[in-house]
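As the structure lists them, so they are numbered: ligands from 1, and atoms in each ligand from 1.
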Amino acid sequence: MNQDPAGLNLTGLARTPGAQRSWWLREALAREDRGAAPPLAGDVNADVAIVGGGFTGLWTAYFLTQANPGLGVAVVEQDICGGGPSGRNGGFASGWWDELHGLMNLYGPEGAVKACRAISDSITAIGEFCDGNGVDAWFKKAGYMYAVTAPAHEPTCKAMVDLAREVGLPEELRELTEAEVRARCASPAFLAGAFMRDGASVQPGFLVRGLRRVVMERGVRIYEGTAVTGLKPGPPAILTTPNGSLRAKHVVLALNAWATGWPQLSRRLVAWSSYIVLTAPAPERLAEIGWTGGELISDFRTSLRYFRTTADGRIAFGGGGGRARRTIDDAFTHDARAVEQAAEGFRLMFPTFADVPIEDGWGGPIDVSPTHLPVFGTLEPGNVFYALGYTGNGVAPSHLAGQVLADLATGRDTDTVRLPMVNPRPRLFPPQPFRSWGAAVVRQAMIAKETAEEQGRKPGLIVSELARMPRRMGYLLGPD
Ligand SMILES: Cc1cc2nc3c(=O)[nH]c(=O)nc-3n(C[C@H](O)[C@H](O)[C@H](O)COP(=O)(O)OP(=O)(O)OC[C@H]3O[C@@H](n4cnc5c(N)ncnc54)[C@H](O)[C@@H]3O)c2cc1C
C-alpha cells in the first residue's frame, strides 16, 4: 500500500484511475465465463437499433422484447456493455422527491408528482427485475439521507422538505435533526438533514451485466467493440460502423454524455466528470459510527458528494471535484487529481476511517442538462429516439427511459409516453465554444463557493456571481 504525500492513504490502484475498470464491473466480469460479444461485421438488419449498451440502451431492449418477443433488436456498444457510467456509478437508485422544485417549475405540481411516482415505480421494478431474473445486484431499499454540511445549505434542506408537504406528501421527505442524522451515520461533518424514503442501493456492475445477460437470452443481438460513426435517419435508418452497417426501421440513441459529439443533441447537454473512491472493507468501523442501515447519503453541494456502503462493509464515496470538458476524453477516466479530491472529501467526512486504505478510484462522464433533469423524446424525421440529461442521476430514471423509448419506438400510446418529460420543449445550452468555456468556469466557481462555505469562509464576490450565473441565465443548475 502506498502512503501518498497528502496523507490520503491511497493504494496503488487509486493512483492510476482509468487503468482498470471500476471495482463494481471487475467483480461482475469475474463472475462471467464468456468474453465480449463480437463486433459488428458486414451489413445487417434489425427492427430497432440501439446505440449504447448502458442502462438506457439495455432497458430499452428489455422493454422492447417484453412487449414483442419477435422484434429484431440490436445493441451496438463501442466498449463492452456497462463499460461506461452504467458500470461505474455510485449505485444510487434514488427517488425524485428531492427534485420537486425543478419539476414543479417545469411541469406544474401535478406533472411533478406524476414524474416522481414514475421514478418510485422504477426503483421498485428494478428490485423485482433482480428477484425475477436471478440477478444478485445487492438491491437494498433503505432510503436516502441528505446531510447538511454547511449552514448555507440549511434553507435548501428546509425548502426541499416544505415542497413535499406542499404537494401533500410529507411522508416522502422529512426533516432530520442533527441527532437523528448522526444516529444513522455519526459523521462530525453532519449538522442536520432530511430523509427521503425512496432510495435503493445497487451494485451497478452486477445490475448492468445481469441486464445484458437477460436481454441476450431474449434474443437481442449485441455488438461490442463497435463505435457507431454515422447515422442516416432514413427511414430506414442506416448506422455506419468501422466494419459494417446496421439498417433499422427505428433507432434509439442511448449515448449519455457522448451525445455531446452528435449534432442532433449536442446543445442539450454539457459533460462533467465525476469520480468515486472505494475503501477497503471496514465493517467494524461502520458499526462504530452506526452506519449499518444501508442508507444512501449525500450532501447538498452542486458538486455533490455522495456515499454508500457495500455488502462487504466498504464505503464508496463520490464527487466533490471533476471538470467540464468539450469531448469525452481521458480527463473523464484518468484524472488523478479528481480521485484525490474525492478522497479528501471522504477523509473530511469520515475522520475515524483515517487508517482505512482507499483501494480503488475511477471516474466517468455525466450528461448535465439545462434543467438538471433528463428528457426523453423523438428526433426528426420521427424514427429516431433519445434519452439524455440524467445529470448524474440515471440509475432509476434510465429504467423509466427504457419503457418510454420502447413505447415510442413501437408507437404504443401508454401513460409512460404521456409523462411530462417526454418530448418537452427543447432547452438548449449556448453553442460551442461558449458552452464548454462557460461550463468549465462555472463548474470551478461552484466548487470554490461550496468549499469556502463548508470551511466557514465567505466566498469571494466573483466566485459567487459566477456560480449563480446558470440560474440567472434561466437554467435550473447550481446555487440560487
Ligand atoms: C462516477 C459516476 C457516478 C454516478 N453515480 C450515480 C448514482 O449513484 N446514481 C445515479 O442515478 N446515477 C449516477 N451516475 C449517472 C449514471 O451512471 C448514468 O446516468 C447512467 O448510467 C446512464 O445510463 P446510460 O445507459 O444512459 O449511459 P452509459 O452507461 O454511459 O451508456 C452509454 C453507452 O454508450 C456508448 N457509446 C457512446 N457513443 C457510442 C458510439 N458512437 N457507438 C457505440 N456506443 C457508444 C458508451 O460507450 C456507453 O457505454 C453516475 C455517473 C458517474 C460517471
Would you indicate which of Val228, Leu239, Thr56 comes nearest to atom 24 (P) of ligand 1 when only heavy atoms are counted? Thr56
Of the side chain and backbone of Tyr306, name the one, both, or neither that has a heavy atom under 4.0 Å from an atom of ligand 1. side chain
Are Arg347 and Glu340 within salt-bridge range, i.e. N to O under 4.0 Å? no
Counting non-hydrogen protein atoms only, what is the nearest one to atom 44 (N) of ligand 1? Give residue, atom name and distance. Gln78 N, 3.1 Å
Applying ring pair (Phe, Tyr, Trp, His ring centres under 6.0 Å), run through Tyr475 and Phe429 and close with a yes or a no. CA-CA 9 Å; Tyr475 302 120; Phe429 284 116; 5.1 Å; yes
Determine whether the aromatic ring centres of residues Tyr386 and Phe376 are separated by less than 6.0 angstrom. no
Any idea which protein heavy atom is nearest atom 32 (C) of ligand 1, and the distance to it? Ala254 O, 3.3 Å
Nearest neighbour in protein (non-hydrogen) for atom 49 (O) of ligand 1: Glu77 OE1, 2.8 Å
Which one of Phe63, Trp59, Phe206 satisfies the ring pair (Phe, Tyr, Trp, His ring centres under 6.0 Å) criterion with Phe129? Trp59
Inspect the contact between Arg21 and Glu27 and indicate whether a charged nitrogen and a carboxylate oxygen are less than 4.0 angstrom apart. no
How does Val76 reach ligand 1, by side chain, by backbone, by both or by neither, if only non-hydrogen atoms under 4.0 Å count? backbone
Which one holds for Ser273 and ligand 1: side chain close, backbone close, both close, or neither close, with close meaning a heavy atom under 4.0 Å? neither
Could you tell me whether Glu32 and Arg213 make a salt bridge, using a distance below 4.0 angstrom between a side-chain N and a carboxylate O? no
Heavy-atom nearest neighbour of atom 53 (C) of ligand 1 within options Ala401, Gly364, Ala396: Gly364
Nearest neighbour in protein (non-hydrogen) for atom 6 (C) of ligand 1: Asn89 CB, 3.4 Å
Atom 13 (C) of ligand 1: which protein heavy atom is closest, and how many Å away? Gly392 O, 3.1 Å
Within less than 4.0 angstrom of ligand 1, does Thr226 place any heavy atom? yes
Could you check atom 29 (O) of ligand 1 against the protein and tell me its nearest heavy-atom contact, residue, atom and distance included? Ser86 OG, 2.5 Å
Atoms of ligand 1 close to Val395 [distance to a heavy atom under 4.0 angstrom, numbered from 1]: 9 (N), 10 (C), 11 (O), 12 (N)
Region of Val51 that comes within reach of ligand 1 [heavy atoms, distance under 4.0 Å]: side chain
When you measure from the side chain of Asp367 to the backbone of Thr391, do you find a donor-acceptor pair of N or O atoms at a distance under 3.5 Å? yes
Could you tell me whether Trp258 approaches ligand 1 through its side chain, its backbone, both or neither, with non-hydrogen atoms closer than 4.0 Å? side chain
Show your working on side-chain contact (heavy atoms from CB on, under 4.5 Å) between Ile222 and Val215 and close with a plain yes or no. CA-CA 9 Å; Ile222 294 190; Val215 299; 4.1 Å; yes
Answer with side chain, backbone, both or neither: which part of Pro204 has a heavy atom less than 4.0 angstrom from an atom of ligand 1? neither
Whether Asn243 side chain and Ala41 backbone form a donor-acceptor pair below 3.5 Å: no
Atom 18 (C) of ligand 1: closest protein heavy atom, distance to 0.1 Å, is Gly394 CA, 4.1 Å
Of the protein's non-hydrogen atoms, which lies at the shortest distance from atom 34 (O) of ligand 1, and what is that distance? Gly52 CA, 3.3 Å
Audit row: Val75, Val220, side-chain contact (heavy atoms from CB on, under 4.5 Å) steps and yes/no: CA-CA 7 Å; Val75 177; Val220 171; 3.9 Å; yes
Checking ring pair (Phe, Tyr, Trp, His ring centres under 6.0 Å) for the pair Tyr144/Phe195: CA distance, chi angles, key distance, verdict? CA-CA 6 Å; Tyr144 185 142; Phe195 185 76; 8.8 Å; no
Considering only heavy atoms, which of Phe92, Tyr390, Phe332 lies nearest to atom 8 (O) of ligand 1? Phe92
